[in-house]
Amino acid sequence: MPLPFGLKLKRTRRYTVSSKSCLVTRIQLLNGEFVEFTLSVESTGQECLEAVAQRLELREITYFSLWYFNKQNQQRWIDLEKPLKKQLDKYGLEPTVYFGVVFYIPSITQLQQEITRYQYYLQLKKDVLEGRISCSLEQAIRLASLAVQADFGDFNRYDSQEFLQKFALFPIDWIQDERVLEEATQKVALLYQSFRGLSAAEAEMLYMQEVEKMEGYGQESYQAKDSTGTDVTLGSCLDGIFVKHKNTRPLLLFRWHEINNMSHNRSFFALELANREESVQFQTEDMETSKYVCRMCLARLKFYKINKSSLQTQPTVVNPVRRRSSTRISLPKPQGYMMPPPQMHYNGHFTEPYTSSQDNLYMNSQNGYYYHSQTSLDCSPLEYGSGGRLRNGSVYSAHSTSSLTNPQHYLQPSPMSSNPSITSDITRPDYVPSHRHNK
């Protein structure tokens, strides 16, 4: 008897999708784990992002998005309004999608939920280790010490420098001199002692507060030419659009409130300024790049302008509480801001201890920890209900604790998407997660 949905049962007793209407999406999270979701080929990037947010019990979704490597091996953010599969087929180097922070904020204290702060911390640590944020040797030692405290806590065996040498403490290819690296690692081991007693959340908060003051924080840049044909670095940051020349000329900054609009034409990207009649033009590598730069800069302009009033409000008092997966990957060896509007601010803090119902869903593989998602058709066809298909085309498993079995809506979609979203109990201010992500 043929199986429904074009499914085929393999010897591993795991189902693969042969139907052209389904897409199994593999996503790498910020802690190095992988999750899989089975979606319709017409599912948008926003639907996939909401599935990830539901898996993480993440409510402040507007800071995050999904990205991929294009065929030129460049990082590109997904257009959340368009079907995910079409974008990956046309532009993607590989089918893997990555979850990360797309909108940075000037102060970490603006983040309302601890799970948001944890994901934000993972992104900042990744930015530092991959060299996107510049830091001095002293700053790198302090950040590494805080990361060890946050990820491992108080353990005497971590006094040993030999233990610390197993982990990536400093930016990739940053310290070439082995003697300097050994001395820096010894300093990390000593400074780590001074952070004893700090909880993971407190150490992470100190880490983020250090990083938010550093050069490169919240920046995304592209190579371009100015109106004179000179090579420049064009990018966006928390304050606006910046232009950096390779010589000693000072950095040129167009602040968000000075920008009326942006546009692109062929390979040209243009800024329309409030205090100038003529637009400021830059030439990018090609038409696709200018279109992408314009889309991302417009999204950030919208984000920062909408949240201008939020940034002037008094920061909330942070009460760090653990809420995370128990299978974290800590300090791995490297592999080669939309502020919520007032109704989205949650003032409650969850202090009840509990264990995760997803602790058994992780498997170890040669590529690291892999999330064995139950939304990837791991159950037999008899376990499906309502035809096994959702309105958005997703296929789900009846036993999945956080799959796409219920419609879900995040009140404030990302500025990168104008699509209406779906509703869920997790958007209620009084919501308490069904299971807590402990350290």
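Just so you know, these numbers use all the heavy atoms, side chains as well, and skip hydrogens, waters and symmetry mates. Being a predicted model, the structure only gives us computed values, none of them experimental.
We find the CG-CG distance between L122 and N31 to be 6.0 Å, quoted to the nearest 0.5 Å. Residue Q149 holds its CD atom at 8.0 Å from CG of L146, rounded to the nearest 0.5 Å. Taken from CD in Q54 to CD1 in I61, the straight-line distance is 10.0 Å, to the nearest 0.5 Å. For the atom pair S267 OG and Q281 CD, the distance stands at 9.5 Å (nearest 0.5 Å). To the nearest 0.5 Å, atom OH of residue Y120 and atom CE of residue M208 are 8.5 Å apart. Between the CG atom in L164 and the OG atom in S145 there is a gap of 8.5 Å [rounded to 0.5 Å].
Contact of the L143 side chain with the Y207 side chain is registered, since non-hydrogen atoms from C-beta on lie closer than 4.5 Å. Contact annotation: the side chain of C48 approaches that of I27 to within less than 4.5 Å [non-hydrogen atoms, C-beta and beyond]. Using a 4.5 Å heavy-atom threshold, the side chains of Q87 and D79 count as touching. No side-chain heavy atom of L30 sits under 4.5 Å from any side-chain heavy atom of Y118. Counting heavy atoms from C-beta on, the side chains of E47 and T44 come closer than 4.5 Å.
Using a cut-off of 4.0 Å between Lys/Arg side-chain N and Asp/Glu carboxylate O, E130 and R132 are scored as salt-bridged. For the pair E210 and R142, the salt-bridge criterion is met [side-chain N within less than 4.0 Å of a carboxylate O]. The pair D151-K125 meets the salt-bridge criterion, since a charged nitrogen lies less than 4.0 angstrom from a carboxylate oxygen.
Partners of Y217 under the ring pair (Phe, Tyr, Trp, His ring centres under 6.0 Å) rule, at least two apart in sequence or in another chain, are Y104. Under the rule for a side chain to side chain contact (heavy atoms under 4.5 Å, CB included), the partners of Y222 that lie at least two apart in sequence or sit in another chain are E220, Y292, V293, M296, R300.
Under 3.5 Å, the side chains of E215 and S134 contain no donor-acceptor pair of N or O atoms.
Closest heavy-atom contact between F64 and T116: CE1-CG2, 3.9 Å. Nearest heavy-atom pair, K71 versus D89, reported as atom, atom and distance to 0.1 Å: NZ-O, 3.6 Å. Between L88 and E94 the shortest heavy-atom distance is CD2-O, 4.5 Å.
Y98 has its ring centre no less than 6.0 Å from the ring centre of Y68. Close placement of the F152 and F167 rings is indicated, their centers lying within 6.0 Å of each other.
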_Verdict with supporting geometry, K187 and E183, salt bridge (Lys or Arg N to Asp or Glu O under 4.0 Å)_ = CA-CA 6 Å; K187 291 180 180 179; E183 291 177 358; 5.6 Å; no
*asked:* I'd like to know whether I141 forms a side chain to side chain contact (heavy atoms under 4.5 Å, CB included) with F170, so could you lay out the CA-CA distance, the side-chain angles of the two residues, the decisive distance to 0.1 Å, and finally the verdict.
replied: CA-CA 8 Å; I141 291 172; F170 306 106; 4.2 Å; yes
